[in-house]
Peer 1: 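Would you mind keeping the following structure in view while I ask a few things?
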Amino acid sequence: MDEVIICEKPRSSEKIAKALFPNAKKKKYKKTYYWEHQEKNKKTIIIPAVGHLYTLKPKNPNDELFFDLEWAPVPEVDKKKRYVQDYIDAIDSLAKNADRYFHACDYDIEGTLIGYNVLKHLCGDEALQKTLRMKFSTLTRDDIIKAYENPIELDYGQVDSGIARHVLDFIFGVNISRSLMKSVKESTNRFIKLSAGRVQTPALSILVDREKAIRNFKPEPYWIIKAILEDDIIALNQRGRIFQKNKVKSILGECQGKDAIIEEVKINRINRMPPPPFNLGGLQAEAYRIFGLSPKKTQSIAQNLYLEGYISYPRTSSQKLPKTIKYEKIFKGLSKDPRFKEKIKNLKKPLKPHEGKKEDEAHPAIHPTGLLPKKLGKHEKKVYELIVYRFISAFSEKAIIESMNAKLNIGGEIFKFSRKKVAKKGWMKQYPYQKIEDEKFPLLKEGEKIPVKEIIAEEKETKPPARYNEASLIKEMEKRGLGTKSTRADIISILYDRKYIEGKKIRVTPLGENIIDTLKRYCEKITSEELTRQFEEELKKIMKGKTSKDKIIKKAKEEIISIIEEIEKNKEEIGKHLYKAYQKGRIIGKCPECEGNLLIRYSDKTKSSFVGCSRFPECKIVYPLPKGARILKSKCEKCGLPLISYGRPRQRACLDPHCGKSKKDKMEVVGKCPKCGNDLVKRSGRYGEFIGCKGFPKCRFTASIEEVIEKG
DNA sequence: GCAAGGTC
């Protein structure tokens, strides 16, 4: 009897194989691995997918609108994912026509669909009829064995809602994106890559709202009143921000020149528990805070560390560290590094981690495996150590913060001040990224009178809300349920790629704002979280069998048709506005030679960006842009053009590569050398300007300017 | 080309 167990990914196939058949043989197929176990007359194959092996594509790519979709192998649709082919081939050649199948992918909608598509497309005609579902919530030995011994039926509600999720995202996102691009193309004959989607558009909308709030913000002046006393004590008037100037005057009048009476001195001790172990979002936020690494970079570093076996699975939302990960073993491994050992020796037994609230059915929080890395890159090392120290901290003792809060009465006005110091360092000593406060507590007694050096009113301004950065945007998306732990960083990078947003402190470009304004008018739903909510509800109904996927898809199709019709009707206006906004965002300064603007342009011929004048072809001013160059806000001191940053390590220079160089170096090409074919350039010599070959001194061809003009 | 979701 042949038995096949289909797993979602290589890592889980290994765990499942080892749990069910400790003696199973690990075998290789091309670059992939699977497990084989022979027992009496039963042979079992445990074999992995790599996430989705199949993806949707339009049946007919020439369709105006894409509603007719079919499943196609991922590598066929996405050339960057050729590695998936080996996994498909492995299943195709090893897992066909078995006597029974186990669907052992993650127990969620996507996992169910991953396994379903494998069974449907790769395992032979009858495979799905011979399929049982393993249901487990953790990849622990006990859970896996239980799931194998008590399999359930495949839940077709789950399958259908998975299919519906893919279809809905595709027909909304792709069709609306295409219609936006089409309106630009047809009204301006220009191509700009544009996109909209259930997750990226609401994310962009959050940023636009913030952008508008910042723009519309009117700073208001306010005052805070401070009392300066001895021992560097600065006490704050408890009224906080005062917006009326005359009130400030009257308060100053009340308390100026008077002594302070200490009304109250409170000393408190507060326990500060260690920070929770990392889930992916937490790691991304902390790596951004401490090292300035982008969430996408952190994610790919974590993925590498995981593949090398140094850390656990990083795509987790859990902040829990269950005993089953075997604390002792991990610490034993880590202790081989003296720097880690130094911290680990401070841990008190029994080992018990302080955990966070968030859970993940499939994986524990990110933690080191105990296997020490041999050689790591600069950033990899930083992220790895961050994970290790965070892990050690979770097992460390709480810290105790001692605080002093004092209330002073100065001429009837109450002033407050507080001081903090760490009374017991606990985990703070273990986590090198933690600031340890150590303020001195002045000796103050209740009822005592102390002199006041000065009372001052400081004028300040209310500040606009802060801009998001990548890390804080990920947190916001997490809070609103937009995207998943594994997609958020990628979605933000799409917003950058499309030039909807720019900068570390994220600013929205005119194009980004225009996309949102346009979609708000024609398809408000896609700009808010509403579409995600609606999907969630409908998918739940499909799952419970309360409605069918076909009904839901049909409804969505009608909705999209009416949206696209509206866009189509107004395509002239939409397209022109989008293009104009796109151009506006590309302006980087004034042209030094004419009245035009300098724009970032793209050459299809050289497949690279450059800077050129908006009055082209009348004005032919161009500047090259090195690959990966960024145009800075600051200007060149010599010529006023913007500065650029480029190369590795990053260096700064004027946009004009000839800026600051003498005229001699600025070679103006006037034609081809008749002698050697090299460029002819204008040069200046002792007797004025002349034309010479660029190949000098190899080629010594020269001519006078008049001669060249004469002969053309 | 266009989405969002899995994963090496």
Side-chain angles (χ1 to χ4, degrees), chain A residues 7-14 30-33 48-58 61-66 69 74-75 77-88 90 105-106 108-118 161-185 191-204 280 299-300 302-309 313-316 362-363 477 482-495 497-498 515 526 531-532 535 539 556 560 564:
Chain A
C7 309
E8 179 155 327
K9 45 188 170 265
R11 176 66 194 242
S12 66
S13 69
E14 177 171 4
K30 291 185 187 168
K31 284 181 184 163
T32 75
Y33 293 94
V50 251
H52 286 291
L53 302 185
Y54 288 82
T55 188
L56 288 173
K57 72 162 199 202
N62 300 322
D63 282 352
E64 187 82 352
L65 287 173
F66 295 155
L69 308 175
V74 163
V77 177
D78 187 346
K79 297 292 172 230
K80 275 175 270 170
K81 290 178 178 162
R82 294 229 176 89
Y83 69 90
V84 174
Q85 193 62 50
D86 286 354
Y87 292 87
I88 293 177
C105 299
D106 293 356
D108 52 33
I109 290 182
E110 296 297 330
T112 300
L113 184 60
I114 289 167
Y116 169 84
N117 274 332
V118 167
S161 80
I163 295 173
R165 205 282 300 152
H166 278 249
V167 173
L168 292 177
D169 270 334
F170 192 103
I171 62 180
F172 263 93
V174 177
N175 287 318
I176 291 176
S177 301
R178 283 161 58 89
S179 94
L180 291 174
M181 288 188 275
K182 202 174 139 202
S183 61
V184 174
K185 180 78 194 169
F191 171 78
I192 330 176
K193 198 194 263 186
L194 296 173
S195 61
R198 172 176 59 86
V199 179
Q200 63 170 266
T201 307
L204 179 58
L280 182 59
Q299 188 163 343
S300 93
Q303 171 74 7
N304 287 336
L305 292 171
Y306 157 70
L307 292 175
E308 297 289 332
Y313 191 72
R315 283 183 288 255
T316 175
H363 309 280
M477 291 170 74
L482 287 174
T484 71
K485 53 193 180 280
S486 8
T487 57
R488 289 183 190 116
D490 287 331
I491 281 173
I492 296 174
S493 85
I494 287 176
L495 299 180
D497 287 348
R498 301 277 183 276
I515 282 277
I526 205 175
L531 202 57
T532 285
F535 275 26
L539 298 187
I560 292 160
I564 303 281

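None of these values were measured; they are calculated from a predicted model. Numbers restart at 1 for each chain; the letters A, B, ... are given by sequence-line order, proteins then strands.
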Peer 1: Should Tyr313(A) be listed as having a side-chain N or O under 4.0 Å from OP1 or OP2 of dT7(B)?
Peer 2: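 Result: yes.
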Peer 1: Tell me which residues in residues 174-184 of chain A lie within less than 4.0 Å of DNA chain B, going by non-hydrogen atoms.
Peer 2: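 Here the set is Val174(A), Ser177(A), Arg178(A), Met181(A).
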Peer 1: Going by the rule side-chain contact (heavy atoms from CB on, under 4.5 Å), which residues pair with Val184(A) if we only count those two or more places apart in sequence or in a different chain?
Peer 2: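 Once residues adjacent in sequence are excluded, the partners of Val184(A) under the side-chain contact (heavy atoms from CB on, under 4.5 Å) criterion are Thr188(A), Ile192(A), Leu194(A), Leu578(A), Tyr579(A).
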Peer 1: Report the distance from atom CZ of Arg488(A) to atom C1' of dA4(B), rounded to the nearest whole Å.
Peer 2: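 Spelled out: CZ on Arg488(A) to C1' on dA4(B) is 12 Å.
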Peer 1: So if I take every side-chain heavy atom of Val50(A) and compare against dG1(B), dG5(B), dC8(B), which nucleotide ends up nearest?
Peer 2: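 The listed nucleotide nearest to Val50(A)'s side chain is dC8(B).
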Peer 1: Measure from the side-chain heavy atoms of Pro10(A) and tell me the nearest of dT7(B), dG6(B), dG1(B).
Peer 2: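 The closest nucleotide is dT7(B).
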Peer 1: Please tell me which of the listed nucleotides, dC8(B), dA4(B), dG6(B), lies nearest to the side chain of Asp169(A)?
Peer 2: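 Among dC8(B), dA4(B), dG6(B), the one nearest the side chain of Asp169(A) is dA4(B).
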Peer 1: Whole Å only: how far is the CD atom of Glu64(A) from the C1' atom of dG1(B)?
Peer 2: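 Atom-to-atom, Glu64(A) to dG1(B), this comes out as 15 Å.
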Peer 1: With respect to the phosphate group of dG5(B), does any side-chain polar atom (N or O) of Thr487(A) fall under 4.0 Å of OP1 or OP2?
Peer 2: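 The answer is yes; a side-chain N or O of Thr487(A) sits under 4.0 Å from OP1 or OP2.
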Peer 1: Flag this pair as yes if the NZ/CZ of Arg178(A) is under 6.0 angstrom from the six-membered ring centre of Phe66(A) and inside a 45 degree cone about the axis; otherwise no.
Peer 2: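 Positive - Arg178(A) is close enough to the ring of Phe66(A) and near enough to its axis.
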Peer 1: Do the side-chain N or O atoms of Gln200(A) get closer than 4.0 angstrom to the phosphate oxygens (OP1, OP2) of dA4(B)?
Peer 2: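 Indeed, a polar side-chain atom of Gln200(A) lies that close.
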Peer 1: May I ask you to verify if any side-chain N or O of Arg198(A) is less than 4.0 angstrom from the OP1 or OP2 atom of dG5(B)?
Peer 2: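 The answer is yes; a side-chain N or O of Arg198(A) sits under 4.0 Å from OP1 or OP2.
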Peer 1: Taking the side chain of Gln303(A) as heavy atoms from C-beta outward, which of dA3(B), dG6(B), dC8(B) is closest to it?
Peer 2: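 Nearest to the side chain of Gln303(A) among the choices is dC8(B).
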Peer 1: Side-chain N or O of Arg498(A) versus OP1/OP2 of dA3(B): is the shortest distance under 4.0 Å?
Peer 2: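 For dA3(B), OP1 or OP2 has a side-chain N or O of Arg498(A) closer than 4.0 Å.
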Peer 1: If you check the Arg165(A) side chain, which of dC8(B), dG6(B), dA4(B) turns out closest?
Peer 2: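 Of the candidates, dA4(B) comes closest.
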Peer 1: Keeping Gln299(A) on the side-chain end and Ser486(A) on the backbone end, is there a donor-acceptor pair under 3.5 Å?
Peer 2: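 Yes; judged by distance alone, with no hydrogens or angles, the pair exists.
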